[in-house]
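Heads up, the thing below is written out as structure tokens.
Note on naming: letters A, B, ... go to the chains in the order of the sequence lines (proteins, then strands), and numbering restarts at 1 for each one.
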Amino acid sequence: MIPEFDKNAAFIWASYALGAVMIGGAILTVMIKARLAQAELARTQARTEEARRK
Amino acid sequence: MFSWFANPHRFLTLSSWLAPICYALGALLIAWGLWQGLWIVPKDEYQGGDIMRVMFLHVPAAWLAMASYMGMAVMSFIWFIWRHEVADIAAKAIAPLGATWTALCLVTGSIWGKPTWGTWWQWDDARMMSVLFMFFLFLGYMALRGAMDTRQKAARAGAILAMVGAINVPLIKFSVDLFTSLHQDASVITVDGPKMAAVYLWPLLASGLGHSLLFAGLVMTLMQAEIWQRRAAQIRARLIAGD
Amino acid sequence: MSAAPIISAFRQALTEAWAGGAGALMPLGFFAGAAVLVPLGIGTDPNTLRAVGPGILWVALALASLVTLERIFQADVEDGALDLWLQTGAPASMIAAAKAFAHWLTAGLPLAILSPVFAVMFQAKADTSLLTHMGLYALGGLAFFFWGGVGAALSATVRRGGLLISLIALPLYVPTAIFGALAMSGGPGSTGAPLFLAASTLFALAVAPFAMGAALRLAAD
Amino acid sequence: MSIGALLSATDLGMIRGERILFRNVSLAAHAGDAIVLRGANGAGKTTLLRILAGLTRPETGKVDRSAPHHWIAHREGLKPHETPFTHLGLWARAWGTSAGQIDAVLDKMALIRPSGVSARHLSAGQRRRTALGRLLLQERPIWLLDEPLTALDADGRELLLGMISEHRMRGGAIIAAIHGDAGFDSTCEVMI
């Protein structure tokens, strides 16, 4: 199933592996950053509700 | 169209459905481009055999390096003139992602260059040199924004630098082309789109569009994160001020 | 819009650079560094030195501009002088251009004037080309000081601004460095290069002041 | 722009980072007025003065000045290499006024003796007097002063208060951020 490449196969797979790592890393950091920001906003809004009720 | 930039709330609703579409479509196109590029497309002896398959990752990254910087410069210009907050948020979100794809372009280019030119860094390749300096422009932008103490100053300083950088890109490109054209014998690899065989062209366009859509989705998600972060900060500030 | 404030800003920057004492000797420091350290580093074979010479001085010129520029706007912010200059009614871009020009006069030009000595030490033939090179170094140095001025103005309120200036200014220095070294190489394509160098300097003189002005207004905000 | 006002500001608002520094601050200075800005440290007095001077861009509101203004702030604007004589000379030339009156200004500010001493060796009071000397170089109706009394000795205070009352009598206006006793009767006080 994996395609056969000529003598430069190592270079091709290395590029795509690095591509996957860098793009994957970017996607991961963005998703984590978004989730953290959303959670922080929810927590802050909850705290203001409490403060207003008191 | 400009009012769209003005208000973060409208952007949140817009991006809530647009970002997932970009991710889905982008993933689809990248997968198809990859499948074609690595499995289906025949080897091209003239262009060094299988190694040219790296182009389905390298060329989209090169395109995004340039396009993302120009996008960042346009957003900076809109923010600098009309002070639409969303434009600044967009410029701030583009920078790290643009730098990532620019780095990816440099890395894949140097890996591609090793078997082709026998060196990890080919000084006489005009495109690689231009992308290298785009990378420094991104780093300078992020470093400057990071060094400023308030959000408003970071936005203004960043906007000035992005616009100055954008004005200089053509000059940098021209001087680099002149520099490399004098030293370089005819380069073996000429990857210019239209003349390429159709069988290579479609996967390349698909990969290019796929990466661009993925990039757009990530920018929108990063922008959402920034808007939520600012909202939380504003609520905390009001909490402290006690009103 | 009278020119009096701009001339005064120029005069203040000039006296500030000269008054620094070492300020006037700064280019000598850079010159000596390039002229002495490099041969020790890469060997003294005349051919390599002759080939490398012009390029080394371009690097020394670029670094000299970065070092002197870090202080010009940061000092004005700390002294409060920037607030006064921004209130004279003269455009901030002209004030910034006058200050950058003054610092070029005290640091960039002396290095260009000393370049023949450097060239001879790097085994260059002592002929009229040294004089034309002097002109090219002066011209290119002006572009370095104006683009570097943009980096300096943007990082005026940043504590260790020097690092930031070099990162910001590096890509902006590329065209001038390429055209300058090319104009001196005498190799293929070097006939037109001096004109491109002049063009890149004019471009810097036209664009950089506005960026510096906007950055100084931001620094005082 | 209320009628006859030298300087008027309408509902100025400023944000620092995410915190609201102050909101809807309005004031108008007419000939002879002296407005004193009061507030704790960090309340934003200096920022408000900088907005009135046009240095800082306010988040909301606007400022209209119908006459030139002087700016004396905590950082006096003296370069380390400048002496009182060269400093005042430079600004006289920059503002296009005659440099002949510098000696008179130095005399009035009691700076004749240190007139040739570079700023890095001057005392804080001498630096402050040099900066205040700029007020006499050119007649400008609006004076924006940020804690002008700091570092001044008793004579210095006396001198400044005299200058202020003369200025008000000549139809000038003063807006000053001051801690504690201002030493002159202010037209009104603005709390930040």
Side-chain angles (χ1 to χ4, degrees), chain C residues 1-26 68 71-92 94-99 102-103 106 153 156-157 213-221, chain D residues 14-16 46-47 49-59 63 65 67-83 85-99 118-120 122 127-128 130-131 133-135 137-138 140 142-147:
Chain C
M1 206 287 279
S2 82
I6 299 164
I7 297 166
S8 306
F10 171 74
R11 185 172 293 125
Q12 183 186 59
L14 213 56
T15 42
E16 178 184 26
W18 283 111
L25 302 179
M26 163 85 70
T68 52
R71 280 309 295 165
I72 60 174
F73 295 124
Q74 200 159 38
D76 279 359
V77 170
E78 281 153 14
D79 303 330
L82 182 66
D83 296 342
L84 296 174
W85 287 118
L86 291 181
Q87 292 177 66
T88 55
M94 291 306 119
I95 301 277
K99 286 188 177 272
H103 276 263
T106 51
T157 55
L216 288 184
R217 287 233 172 271
L218 166 65
D221 191 314
Chain D
M14 193 59 190
I15 293 178
R16 181 169 293 165
T46 300
T47 308
L49 267 175
R50 291 181 75 90
I51 291 173
L52 299 178
L55 286 169
T56 302
R57 195 196 308 241
E59 203 63 32
V63 176
R65 280 187 306 276
H69 65 281
H70 271 302
W71 168 259
I72 305 288
H74 172 58
R75 295 180 304 214
E76 290 91 0
L78 262 76
K79 307 295 284 182
H81 68 278
E82 283 181 328
T83 68
F85 183 77
T86 53
H87 178 75
L88 294 175
L90 177 102
W91 285 102
R93 267 189 301 278
W95 294 336
T97 59
S98 77
S118 66
R120 78 171 55 87
L122 289 176
R127 293 167 61 92
R128 174 65 56 175
T130 309
R134 291 202 302 265
L135 297 171
L137 279 183
Q138 191 178 48
R140 293 183 174 190
I142 305 169
W143 286 7
L144 300 174
L145 312 172
D146 191 0
E147 291 173 24

(Q) I need the residue from C/Asp76, C/Leu86, C/Thr88 with the largest number of non-hydrogen atom pairs under 4.5 Å to chain D. (A) C/Asp76
**Q.** Under 4.5 Å from any heavy atom of chain D - which part of C/Ala9
**A.** neither
Q: Side chain from CB out, backbone as N, CA, C, O: work out which of these in D/His69 comes under 4.5 Å of a heavy atom of chain C, or both, or neither.
A: side chain
Q: Would you mind reporting whether C/Arg217 and D/Arg57 have side-chain heavy atoms less than 4.5 Å apart?
A: no
Q: Evaluate salt bridge (Lys or Arg N to Asp or Glu O under 4.0 Å) for D/Arg50 paired with C/Asp221, printing each intermediate quantity in order.
A: CA-CA 8 Å; D/Arg50 291 181 75 90; C/Asp221 191 314; over 6 Å; no
Please tabulate, one pair per line, all N/O donor-acceptor pairs under 3.5 Å involving side-chain atoms of residues 87-96 of chain D, not counting sequence neighbours.
from, atom 1, to, atom 2, distance (Å)
D/His87, ND1, D/Glu82, OE1, 3.0
D/His87, NE2, D/Arg134, NH1, 3.0

Q. D/Leu55 versus chain C, heavy atoms under 4.5 Å apart: side chain, backbone, both or neither?
A. both
Q) Which pair of non-hydrogen atoms, one from D/Pro80 and one from C/Asp79, has the smallest distance, and what is that distance? A) CD-OD2, 3.9 Å
Q | Listed partners of D/Asp146 passing salt bridge (charged side-chain N to carboxylate O under 4.0 Å, His left out), at least two apart | A | none
Q) Can you tell me how far CG of C/Asp83 sits from CD of D/Glu76, rounded to the nearest 0.5 angstrom? A) 11.5 Å
Q. So does C/Phe10 have more than 12 non-hydrogen atoms from other groups sitting under 6.0 Å from CZ?
A. yes
Q | Which portion of D/Ala53 sits near chain C, non-hydrogen atoms under 4.5 angstrom | A | both
